[in-house]
Each structure stands twice: as structure tokens, then as C-alpha cells.
**Student:** 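If you scroll down you'll find the structure; I have some questions about it.
Letters go in sequence order (proteins before strands), and every chain restarts at 1.
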There are 2 protein chains.
Amino acid sequence: MKKLKLILQIAKNGAIGEKTRITLRELAKELGVSPQTVLRWLDELEKDGYIARTVEGKKTSIELTDKALKYLEELYEELSKVLYQGVIIGEVVSGLGEGAYYVKQYTPLIKEYLGFEPYPGTLNVKIIFPKTIFDALCNVKPILIPGFVKNGRTFGDVKAYRVKINGIEGAIVIPSRTIHPPKIAEIIAPVYLRKELNLKDGSRIKLKVIG
Amino acid sequence: MKKLKLILQIAKNGAIGEKTRITLRELAKELGVSPQTVLRWLDELEKDGYIARTVEGKKTSIELTDKALKYLEELYEELSKVLYQGVIIGEVVSGLGEGAYYVKQYTPLIKEYLGFEPYPGTLNVKIIFPKTIFDALCNVKPILIPGFVKNGRTFGDVKAYRVKINGIEGAIVIPSRTIHPPKIAEIIAPVYLRKELNLKDGSRIKLKVIG
DNA sequence: ATTACTAGAGGACGAGTAT
DNA sequence: TATACTCGTCCTCTAGTAA
């Protein structure tokens with residue numbers, strides 16, 4: 001029996017916290033199996049205490065029990081633990097060359113807050129995993145590099161997250177005012193990463209967030 | 001084949017973003033099946049593009065592909081959608097009677113910010129689902145009821161979340177300085193919920209968060 | 001419409017053996 | 001150890017029938 005698939009489908013039909021009325025045929029269609037199979041599956045789920053079921057006329061009323069909700073929640077937690085442990089996978093891409101300019105402006109602050117003199121340039125990495133980079137960073141407290149004004153120009157706050165790239169310590173830097181997670185992460189490091197790690201456009205790299 | 005179980009187990013062995021070296025016997029033991037079955041399963045996963053595999057001496061090196069990571073992430077998202085749609089299930093419990101005192105102090109503000117005159121007392125609900133109430137509330141913006149000082153005593157900010165209980169509109173109130181999610185939610189409403197809904201200690205209720 | 005039984009087909013499993 | 005094959009068993013599904 002595909003327990004997860006079935007419970008999930010029942011949940012989608014609104015059986016959390018209240019009964020949902022549905023025919024076995026509908027469920028069968030949604031699941032791509034025969035009504036007989038659904039019946040057998042529901043019998044099993046009921047026997048194992050995952051659903052409460054009553055037949056009302058031609059339809060069946062189903063409600064997920066606490067056990068089923070706990071089951072889904074535990075899976076959710078397990079997935080979250082496995083997926084978001086601070087590993088980021090990405091692909092090296094070309095930047096616009098702006099990075100170097102900004103890194104130069106922030107250099108003294110980077111030294112102060114991160115403890116290394118950055119190579120004047122950023123490594124641009126297109127994020128492949130996780131879907132949104134914030135998922136990998138949400139459990140880590142960023143290092144806030146404060147903004148400043150120079151020659152009448154404003155440089156905003158920047159959030160830095162320490163990462164390791166093939167053993168080399170560096171940081172992901174994100175402007176603080178960014179709301180939507182960037183698809184491209186900008187990496188700074190004390191060395192020229194492209195040369196040091198022999199990276200080319202399209203090279204795949206793994207960033208390990210240091211929490 | 002139990003695809004999810006297998007992929008999850010491989011992920012647990014650290015196969016995200018890097019290869020993990022493991023013997024089939026170990027995997028088989030972890031999964032509670034025979035090594036033959038694991039071999040067959042891995043063949044399938046490889047054929048379907050979920051893993052990259054190379055045999056190194058006596059051990060096998062496995063790495064999850066992007067497809068597998070996407071598969072896990074999509075399941076994670078689906079679970080999150082199904083689980084945290086603003087439904088809260090709980091059980092009515094007895095409070096310490098403090099609620100009434102506080103509700104009286106905040107009454108003018110509750111009227112101003114929530115638009116109803118609260119019954120002088122709170123309904124205390126032990127949270128059964130979700131595990132932490134914040135999971136159900138994280139997608140909703142709270143209404144901030146500002147604190148005040150009265151007779152030399154400080155009353156702090158309170159966050160209020162509108163909810164519906166069996167059709168009656170009310171709100172969950174949580175002191176702003178609370179960090180850990182409370183196991184007991186305090187509900188205010190324009191009516192005496194216990195009487196109105198015929199609730200007793202142990203009664204099960206469903207709160208629908210209004211987002 | 002659900003439920004309850006059949007019968008038959010197909011699939012998955014584990015054991016054994018061999019490379 | 002992994003891999004590859006066979007074989008017999010058991011399980012699950014579907015379809016048909018009936019209440």
C-alpha cells in the first residue's frame with residue numbers, strides 16, 4: 001500500500017481537522033488505482049488508526065486522525081533536517097564585473113567583520129539546490145556588515161554568511177534590503193577562487209554553510 | 001520499490017552534494033531489506049536518474065542527482081502546503097483564571113484593534129496540531145496590540161491572530177516577547193465560548209486562522 | 001454508491017549460486 | 001564485497017460478481 005500517497009491525497013481533500021465527503025471512485029481516480037484497491041487501502045489505514053471513516057449514504061466521510069497528522073509532520077521534519085543542513089549546490093557563472101567594485105569599497109569592513117582580506121571580485125554561483133538559498137541559510141545567523149556613505153554615495157548594509165568551498169573559507173554576501181532570495185549567490189574569499197579551484201563557467205561547486 | 005524511503009536513507013548517509021561510500025549490506029540493514037533488494041532498487045533509481053553510482057572496490061559510491069533533490073524538495077513543499085494551511089486542532093483545558101484579569105486591562109485596545117468587545121476571560125486550548133502553533137501562524141501577519149503602562153504596571157505588546165471557531169470570530173493572543181511557541185493557546189472572543197459552543201475540558205476544537 | 005468475496009495475472013522479495 | 005542470474009513464494013492489484 002502506498003500509505004504516504006494515500007494519506008496525502010486524503011489530506012488534500014480537506015480531511016485535516018474535519019471530515020471530508022468523497023466517493024471511493026473519485027479517490028481511486030485521483031490516485032490512479034481501482035476502487036477496490038482504495039477500499040482495501042482505506043481498510044488498512046483504518047485498522048492501523050490513521051483515519052476515521054463513516055459511510056454516509058453513497059459517499060464516505062474520512063478524517064485523518066492525530067496519528068496520521070503526526071506521521072505527516074514527522075516526515076516533514078525529517079525532510080527538513082535532511083535537506084537544509086547548510087549544503088548549497090550551484091554552478092559557476094559569469095558576473096557583470098560589478099562585484100570587484102563593491103568588494104573594494106567594503107574591503108576594510110570585510111576585514112573587520114569577517115577577518116580576511118577579500119580578493120577583489122566575487123564568484124557568481126547560480127543556485128541549483130536548495131530551490132531558494134534562504135532555505136539553506138534560515139538556520140544561520142548572518143554577520144551584519146553595516147553600510148556607510150562614501151563620496152556622497154550610499155552603500156547599504158550587507159549580510160554575510162560564512163561558507164566553505166572545497167576547504168577554503170569564504171562568505172556569501174547578500175545586500176540586506178534584498179527580499180526575494182537571489183538566484184545568483186555572490187561569494188567572496190581571501191583568494192581568487194576561479195584560479196585556486198580551477199573553476200570555469202558551468203563548473204559545479206558545493207558550498208558548506210558554517211553555522 | 002519504496003523510492004522515498006530509499007532516497008531518504010541515502011540522503012541521511014550524506015549523499016547530498018557529494019558522494020557517500022557505503023556497502024549494500026549496510027544500506028540493506030538500515031532499510032530492513034535484503035542486499036539483493038537494495039541492489040535492485042539502486043538499479044532502478046539509477047535507471048530513473050535519481051542517483052549517480054560508481055563501484056569503488058568493495059564499496060559503492062552514491063550521490064543523489066538534482067532530480068532526487070528536486071523530488072525531495074517538492075514533497076517537502078507539498079507537505080508544507082497540506083499541513084500548514086492555518087488549521088489548528090486543540091483540546092480545551094482549564095486556565096489559571098489569570099486570563100480574565102488581562103483581558104479586562106486590554107479591553108479598550110482589543111476593541112480598537114480587533115473590533116469586538118471581548119468576553120472577560122480566555123479559552124485555553126492545548127495544541128494538538130500542528131506540533132508548534134507557530135507553524136500554523138507563520139504565514140499570517142499578526143495584529144500588533146501595543147503595550148501600555150497602567151497604575152505603574154507595564155503591560156507588554158500582544159500579538160493577535162484572527163481565528164474562527166465553529167463560525168465564531170475570535171483571536172489567539174500571544175505576548176510579543178514570547179519566543180518559544182506556547183503549548184497552550186489563549187483565545188478571546190466576543191462571546192463566552194465555553195457556553196456558546198458547549199465546551200468542556202477535553203473538548204476538541206478546531207481553529208481556522210483567518211489570513 | 002460501498003462492501004465483500006472470488007480468481008488470475010503480475011510483481012516484488014529473498015535465497016541460492018556464480019563471477 | 002558488488003553484480004547477475006535463476007527460482008519459488010508470497011503479496012498486491014485488477015476485474016468480475018454479488019449483496
Side-chain angles (χ1 to χ4, degrees), chain A residues 1-65 67-68 71-72 75, chain B residues 1-65 67-68 71-72 75:
Chain A
M1 178 191 39
K2 298 184 174 179
K3 189 164 72 171
L4 173 62
K5 208 172 162 186
L6 179 54
I7 293 181
L8 213 56
Q9 195 62 45
I10 294 171
K12 278 187 196 165
N13 277 284
I16 293 180
E18 62 186 357
K19 295 179 179 180
T20 187
R21 298 184 67 221
I22 192 171
T23 66
L24 295 197
R25 293 191 112 76
E26 284 177 83
L27 251 184
K29 203 175 174 187
E30 289 170 357
L31 291 163
V33 295
S34 71
Q36 294 97 313
T37 301
V38 172
L39 177 62
R40 215 180 323 111
W41 284 0
L42 289 182
D43 286 343
E44 271 186 77
L45 279 193
E46 193 174 27
K47 182 173 68 66
D48 295 344
Y50 288 98
I51 57 167
R53 188 170 50 147
T54 55
V55 179
E56 296 176 0
K58 311 217 163 191
K59 294 200 171 187
T60 300
S61 268
I62 306 177
E63 180 172 354
L64 294 180
T65 61
K67 186 174 177 182
Y71 170 75
L72 293 178
L75 177 61
Chain B
M1 177 192 38
K2 297 183 175 181
K3 189 164 72 171
L4 173 61
K5 208 172 162 184
L6 179 54
I7 292 181
L8 213 56
Q9 194 62 44
I10 294 171
K12 279 188 197 165
N13 276 284
I16 294 181
E18 64 187 357
K19 295 177 179 184
T20 188
R21 298 184 68 222
I22 191 169
T23 65
L24 296 197
R25 294 191 112 76
E26 285 176 84
L27 251 184
K29 204 175 173 186
E30 290 170 357
L31 291 164
V33 295
S34 72
Q36 294 98 311
T37 301
V38 172
L39 178 62
R40 218 177 319 113
W41 285 0
L42 289 182
D43 285 346
E44 270 187 78
L45 280 193
E46 194 175 25
K47 182 174 67 66
D48 295 344
Y50 288 98
I51 59 168
R53 189 170 48 149
T54 55
V55 180
E56 296 176 1
K58 311 218 165 191
K59 295 200 172 187
T60 299
S61 270
I62 307 177
E63 179 172 354
L64 295 181
T65 62
K67 185 174 177 181
Y71 169 76
L72 293 178
L75 177 59

**Student:** Rounding to a whole Å, what distance do you find between E44(A):CD and dC13(D):C1'?
**Tutor:**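 Computing the E44(A):CD to dC13(D):C1' distance gives 12 Å.
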
**Student:** Where the side chain of T23(A) is defined as all heavy atoms beyond and including C-beta, which of dA2(D), dC13(D), dA1(C) is the nearest nucleotide?
**Tutor:**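 The closest nucleotide is dA1(C).
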
**Student:** Write down the distance between NZ (K3(B)) and P (dG11(C)), rounded to a whole number of angstrom.
**Tutor:**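 Roughly 18 Å, once rounded to whole Å.
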
**Student:** Which nucleotide in the list dT2(C), dT14(D), dC13(C) gets nearest to the side chain of V33(A)?
**Tutor:**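 Nucleotide nearest to V33(A)'s side chain: dT14(D).
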
**Student:** Rounded to the Å, how far apart are L6(B) CG and dA12(C) P?
**Tutor:**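 Atom CG in L6(B) sits about 14 Å away from atom P in dA12(C).
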
**Student:** In a check of side-chain contact (heavy atoms from CB on, under 4.5 Å) between L6(A) and each of L45(A), V33(A), T37(A), which one passes?
**Tutor:**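 Testing L6(A) for a side-chain contact (heavy atoms from CB on, under 4.5 Å) against L45(A), V33(A), T37(A) leaves exactly one candidate, L45(A).
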
**Student:** Given dT3(D), dG14(C), dT1(D), identify the nucleotide with an atom nearest to the side chain of L39(B).
**Tutor:**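 In terms of side-chain proximity for L39(B), the closest of dT3(D), dG14(C), dT1(D) is dT3(D).
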
**Student:** By the 4.0 Å heavy-atom rule, please label R53(B) as base, sugar-phosphate, or nothing.
**Tutor:**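 Touches sugar-phosphate only.
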
**Student:** Rounded to whole Å, please give me the gap between CZ in R21(B) and P in dT1(D).
**Tutor:**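 Atom CZ in R21(B) sits about 13 Å away from atom P in dT1(D).
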
**Student:** Between dC11(D) atom P and M1(A) atom CE, what is the distance in whole Å?
**Tutor:**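 Taking CE of M1(A) and P of dC11(D), I get 15 Å after rounding.
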
**Student:** Counting only heavy atoms not in R25(B), do more than 12 sit closer than 6.0 Å to its CZ atom?
**Tutor:**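 Incorrect, the count does not exceed 12.
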
**Student:** Can you name the closest pair of heavy atoms from Q9(B) and N13(B) and give their distance?
**Tutor:**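 Heavy atoms of Q9(B) and N13(B) come nearest at O-ND2, 2.9 Å.
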
**Student:** Provide, to the nearest angstrom, the distance between the NZ atom belonging to K2(A) and the P atom belonging to dG11(C).
**Tutor:**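 About 13 Å, once rounded to whole Å.
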
**Student:** Should L42(A) and L24(A) count as side-chain neighbours, where that means a heavy-atom distance under 4.5 Å?
**Tutor:**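 In contact.
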
**Student:** Of the candidate nucleotides dA1(C), dA2(D), dG14(C), which contains the atom at the shortest distance from the side chain of S34(B)?
**Tutor:**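 The answer is dG14(C), which lies nearest to the side chain.
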
**Student:** What is the separation between atom CD1 on I22(B) and atom C1' on dA2(D), rounded to the nearest whole Å?
**Tutor:**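 Rounding to the nearest Å, CD1 of I22(B) and C1' of dA2(D) are 14 Å apart.
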
**Student:** Distance check needed: dC7(D) C1' versus R40(B) CZ, whole Å only.
**Tutor:**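 One finds 13 Å between C1' of dC7(D) and CZ of R40(B), rounded.
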
**Student:** If we only count heavy atoms from C-beta on, is the T60(B) to L27(B) side-chain gap below 4.5 Å?
**Tutor:**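 Of all side-chain heavy-atom pairs linking L27(B) with T60(B), none is under 4.5 Å.
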
**Student:** Any donor-acceptor pair, under 3.5 Å, between the side chain of Q36(B) and the base of dA15(C), if you only look at N and O atoms?
**Tutor:**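 Such a pair is found, so the answer is yes.
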
**Student:** Heavy atoms under 4.0 Å, any strand shown: does R25(B) hit a base, just sugar-phosphate, or nothing?
**Tutor:**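 Contact class for R25(B): sugar-phosphate only.
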
**Student:** Counting only side-chain N and O atoms of W41(A), is one of them less than 4.0 Å from OP1 or OP2 of dC13(D)?
**Tutor:**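 Yes, within the criterion.
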
